[in-house]
**Q** 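Quick one: the structure is below, questions incoming.
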Amino acid sequence: MSQSYNPKVIEKKWQQVWQDEKAFAATEDYSKPKFYALVEFPYPSGQGLHVGHPRPYTALDIVARKRRMQGYNVLYPMGWDAFGLPTENYAIKNKIHPRIVTKNNVARFKGQLQALGYSFDWDREVNTTDPNYYKWTQWIFLKLFKAGLAYKSEMPINWCTSCKCGLANEEVVNGVCERCGSEVVRKVKSQWMLKITAYADRLIDDLDTVDYIERVKVSQKNWIGRSNGAEVEFSIKDKEEKLKIYTTRPDTLFGVTYMVVSPEHPYLDKYKDEIKNWDEIIAYRELAAKKSDFERTELAKDKTGVQIDGLTAINPVNGEEIPIWVSDYVLMSYGTGAIMAVPAHDERDWEFAKKFGLPIIEVIAGGNADEAAFTDVATGTLVNSGFLTGMSVADAKEAIINWLVEKGVGEAKRNFKLRDWVFSRQRYWGEPIPIVKCPKCGFVPIDESELPLELPEVENYEPTDNGESPIAKIRDWVETTCPCCGSPAERETDTMPQWAGSSWYFLRYIDPTNDEALASPEALKYWLPVDWYNGGMEHTTLHLLYSRFWHKFLYDEGVVPCPEPYQKRTSHGMILGENGEKMSKSRGNVVNPDDIVNDYGADTLRTYEMFIGAFDLAASWSEDGVKGCRRFLDRVWKLQDIVNDKTGYSKDLETKIHQTIKKVSSDFETLKYNTGIAAMMALINDYYKAGSITRDDFNVLLVLLNPVAPHITEELWSIMNYGGRVYQTSWPEYDEAKTVENTVEIGIQVNGKIRGSVKLPKDVSKEDAIKAAKEVVADKLTDNIIKEIYVPGKIINIVCK
RNA sequence: GCGGAUGUGGCGGAAUGGCAGACGCAUCAGACUCAAAAUCUGACGGGGGCAACCUCGUGUGGGUUCAAGUCCCACCAUCCGCACCA
């Protein structure tokens, strides 16, 4: 009898062996086919690993281990996204330097990950807070600056009242801070911005060249929000200046009955003296400014506004005079901050017109303007529209744009919802922005040879109420000389957002200790693009978009060899608590992976997280489910007792084994880990039924199971004296011909209902099959047989009246 | 409102248009045990029948097909994004 399965002992043992043998190091052998598997590196928080982390890590570990056995040179690295606010806040509260906090957290995370037996190449570990790493983050920033893609701008930003820090648009969720949930207000500040909008078109168009799951592509497209329309200039009565608007429906120009400018529109101040109801306008503007963005959208249904008394616009297509209103349903930040209103064919304009009694002119037939705006662009025909009358919407769009261009009052224009990336943070624990502010020369980049520009030592990291970074108080760091003219100057004191370091980390894994470049061109050429990148859906419009932007920029600069960083992107579902709710301390449903490893073993945790359900859907934790997976591994362990000394597959098990190899091989590549494991469970059930199995029956199971449960399989391999290690062996092949049973049981239907079944040789002829079937269901048939259907190996259907 | 996803036993979940419920959990019965746990064996969608068997059944209502959980149309519910983007 075998000894009992003791994961505590064998897991530590094999983790040590793999480390000593450098089992999973990616090599510099560029002649081999490569496979770069990537998972999002964690933020090493003080809470330690969450049971959500192992789900994606195990999934790609399975793929990585399988690919190694298939002869690939595999790069599967891990590192730390360690800059960021929680660490800094913890440091402030406990008076410990963030560097120390980070170091401790990383040590804990690393220990936890190693206890799970991942095949990460730990020699390539990176840490975004390491000066040798952020040297290159700063280097990329300098490149962006020199290319004109980093600029400083005085603009209203999202200010988190609790973090005392500016946020990117992507970090504001429902008007509150994504991280801490506190209110976000608008604050005008001078901020570093990155011109991601310059890449908007390419960020959409190149999605066609990569293999991302559809919902990621859709989210990115929606976030970038490209729309095609036209800019049109309306003249203002008795004024030189024109009022420019953006519209996606230039075809409805004859239906314009009024115009609207946003409360922040510069024309208001400009024509201050001529606006007769200026007091009213100012009052409205102040009211609008007081509303947070959140309120402005929450109260969306209820339109407000004031007509400007003293300014009148003229419709360029028919010369009609139309009133101009101010309303906060028009945003200064999109298009031109002014619109033409066509209430008959736009819901918002329709509501506004109804509320203020403005005229509604139908220019597209098909709707009822008394009841609702008619917005269907596919079916309508133009009416009341001069030379456009009778055209389809599509034709009218083209015709009117041509007309606008001809008359010089408009042109085709595409717009994006995407805004430039607010890149400044007024906090300590981030990469310093390597720029010097010179009174004479303006913003001057520091010389590349000065990199890394290291963070100064600070006594007190408290954020300041005036919105300045804590670094600003370190005068001997701030005060410097201008790299350009040598005059006294000051360093930029804002730091970069957490998204900076994570925008390019996958490049550094390729060549993590290079001092000359962020990575060598040869290595980049070999390893890029990442073959398979898995990460959370919550990063779709943040990290994933930002890193694609940086990568495209580096491609334009000739630093990287391909325009897209990730060939394939998949996403895992969340792991929820036993009660189906998100795990959180306050709900008291948090599961600690350490406890599971302790009580059941790492292999059980890995197996369970893969077996829990469809990989891309959310799944609820179940301690009973964990037990079931441990039971499975116990049964695998005890198989050693029924192994005989024969070789080759057992005759009765051969078909099943070939079927299982086929199923597991494909399921591991297609995120169907749960059914792959189920197939192995079914296989060992058959092994036990057989009572005795050969050395090869057992051997093949160990190889198939190894990527999921590497420790137990390695131990059994060693016990059985198969020679070498499982990780060094080859992935098993299957013979397609042997995946089919010689005799198959075929269901028999009469008029589409199952009435029986019959066992037949797999290559039986249709005639023989039907004949055999008729005997089985003879009493259910009539003489009038209309149709006989035989699907080989599947079903027989006899249709009769 | 727009976009995306999901809906199958008591539960997690399987099913290239071809015998719905694989695999696992829970439950029940039996074996082992003084006993319990562990382990092993068996049963396990609903209704009817002693039984062979019959019948209903994949959110709802229609449709296509010899055959629909799967395809088409129209709904309902839940979850997740986005949300006055002109």
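Quick note on labels: first sequence line is chain A, next is B, and so on, each numbered from 1.
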**Q** Verify salt bridge (charged side-chain N to carboxylate O under 4.0 Å, His left out) between Arg569(A) and Glu40(A), making sure each step is shown before the conclusion.
**A** CA-CA 11 Å; Arg569(A) 169 79 177 187; Glu40(A) 288 173 345; 2.9 Å; yes

**Q** Return the nearest nucleotide to the side chain of Met681(A); candidates are A20(B), G18(B), C23(B).
**A**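 Among the listed nucleotides, the one closest to the side chain of Met681(A) is C23(B).
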
**Q** What nucleotide among G18(B), C25(B), G12(B) has an atom nearest to a side-chain atom of Arg631(A)?
**A** C25(B)

**Q** If I pick the C1' atom on U64(B) and the same atom on A74(B), what distance separates them, to the nearest angstrom?
**A** 15 Å

**Q** How long is the straight-line distance from NZ of Lys303(A) back to CG of Asp349(A), given to the nearest 0.5 Å?
**A**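 Nearest 0.5 Å value for the CG-NZ distance: 8.5 Å.
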
**Q** Round to the nearest Å and state the distance from Asp624(A) atom CG to U27(B) atom C1'.
**A** 12 Å

**Q** Quick one: is C19(B) close enough that its OP1 or OP2 comes under 4.0 Å of any side-chain N or O from Arg755(A)?
**A** no

**Q** Would you find more than 12 non-hydrogen atoms of other residues, nucleotides or ligands less than 6.0 Å from Lys217(A) atom NZ?
**A** yes

**Q** Just by modelled atom types, is the Gly255(A) backbone N or O under 3.5 Å from a matching donor or acceptor in the Thr252(A) side chain?
**A**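 No, because the side chain of Thr252(A) does not come within donor-acceptor range (under 3.5 Å) of the backbone of Gly255(A).
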
**Q** Does any N or O donor sit under 3.5 Å from an N or O acceptor when you compare the side chain of Asn797(A) with the base of C66(B)?
**A** yes

**Q** Under the rule syn = chi within 90° of 0, otherwise anti, which is G9(B)?
**A** syn

**Q** Check whether any side-chain N or O of Asn674(A) sits under 4.0 Å from OP1 or OP2 of A14(B), and answer yes or no.
**A** yes

**Q** What nucleotide, of A15(B), C56(B), C19(B), holds the atom closest to the side chain of Lys672(A)?
**A** A15(B)

**Q** On RNA chain B, does the nearest nucleotide to Val799(A) precede the nearest nucleotide to Val218(A) from the 5' side, or the other way round? Give the residue.
**A**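 Here Val218(A) is the residue nearer the 5' end.
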
**Q** For A86(B), does either OP1 or OP2 sit under 4.0 Å from a side-chain N or O belonging to Ser227(A)?
**A**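 For A86(B), OP1 or OP2 has a side-chain N or O of Ser227(A) closer than 4.0 Å.
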
**Q** Which heavy atom in Met259(A) sits nearest to a heavy atom in Ile245(A), and how many Å separate them?
**A** CE-CG2, 3.5 Å

**Q** Got a salt bridge between Glu623(A) and Arg630(A), using NZ or NE/NH1/NH2 to carboxylate O under 4.0 Å?
**A**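 No salt bridge links Glu623(A) with Arg630(A).
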
**Q** Kindly compute the distance separating CD (Glu609(A)) from OG1 (Thr58(A)), expressed to the nearest 0.5 Å.
**A**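 Here the rounded value is 6.0 Å.
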
**Q** For U6(B), give its Watson-Crick or G-U wobble partner with both distances under 3.5 Å, or none.
**A** A77(B)

**Q** Whole Å only: how far is the CD1 atom of Ile339(A) from the C1' atom of C84(B)?
**A** 9 Å

**Q** Taking the P atom of each, how far is G45(B) from A20(B), in whole Å?
**A** 14 Å

**Q** Record whether the side chain of Lys303(A) comes under 3.5 Å of the base of C84(B) through a donor-acceptor pair of N or O atoms.
**A** yes

**Q** Has the side chain of Trp350(A) got a donor or acceptor atom that lies under 3.5 Å from a matching backbone atom of Ala369(A)?
**A** yes

**Q** N/O contacts under 3.5 Å, protein versus nucleotides 68-70 of chain B?
**A**
none

**Q** What are the two closest non-hydrogen atoms of Pro707(A) and Arg606(A), and how far apart are they?
**A**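 Result for this residue pair: O-NH2, 2.9 Å.
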
**Q** List every contact pair, protein side and nucleotides 46-49 of chain B side both N or O, where the distance is under 3.5 Å.
**A**
none

**Q** Can Lys638(A) and Asp634(A) be counted as an ion pair, charged N to O under 4.0 angstrom?
**A**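 Judged by the 4.0 Å cut-off on N to carboxylate O distance, Lys638(A) and Asp634(A) do not form a salt bridge.
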
**Q** Does Asp624(A) pair with Lys627(A) as a salt bridge, N-O distance under 4.0 Å?
**A** yes

**Q** Does any part of the side chain of Thr660(A), heavy atoms only, come nearer than 4.5 Å to the side chain of Tyr734(A), both counted from C-beta?
**A** no

**Q** Which nucleotide, if any, forms a Watson-Crick or G-U wobble pair with C71(B), using both distances under 3.5 Å?
**A**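 By the stated definition (distances under 3.5 Å), G63(B) pairs with C71(B).
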
**Q** Provide a list of protein-nucleic acid N or O atom pairs under 3.5 angstrom, restricted to nucleotides 61-65 of chain B.
**A**
none

**Q** If you count every heavy atom of other residues, nucleotides or ligands that lies below 6.0 Å from Lys582(A) atom NZ, does the total exceed 12?
**A**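 Atom NZ in Lys582(A) is not crowded, with 12 or fewer foreign heavy atoms closer than 6.0 Å.
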
**Q** Would you indicate, yes or no, if U39(B) has its OP1 or OP2 atom less than 4.0 angstrom from a side-chain nitrogen or oxygen of Arg635(A)?
**A**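 No, because none of the side-chain N or O atoms of Arg635(A) sits under 4.0 Å from OP1 or OP2 of U39(B).
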
**Q** Can you figure out which of U55(B), A86(B), A26(B) approaches the side chain of Thr247(A) most closely?
**A**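 Looking only at side-chain atoms, Thr247(A) lies closest to A86(B).
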
**Q** Are OP1 or OP2 of A86(B) and a side-chain N or O of Tyr334(A) less than 4.0 angstrom apart?
**A** yes

**Q** Taking A5(B) as the reference, what is the distance to C56(B) when you measure between their P atoms (whole Å, please)?
**A**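 Comparing P positions in C56(B) and A5(B) gives a spacing of 34 Å.
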
**Q** Could you work out the separation of C82(B) and C44(B) based on their C1' atoms and round it to a whole Å?
**A** 46 Å

**Q** In whole Å, I'd like the distance from the CG atom of Asp328(A) to the P atom of A86(B).
**A**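 Taking CG of Asp328(A) and P of A86(B), I get 17 Å after rounding.
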
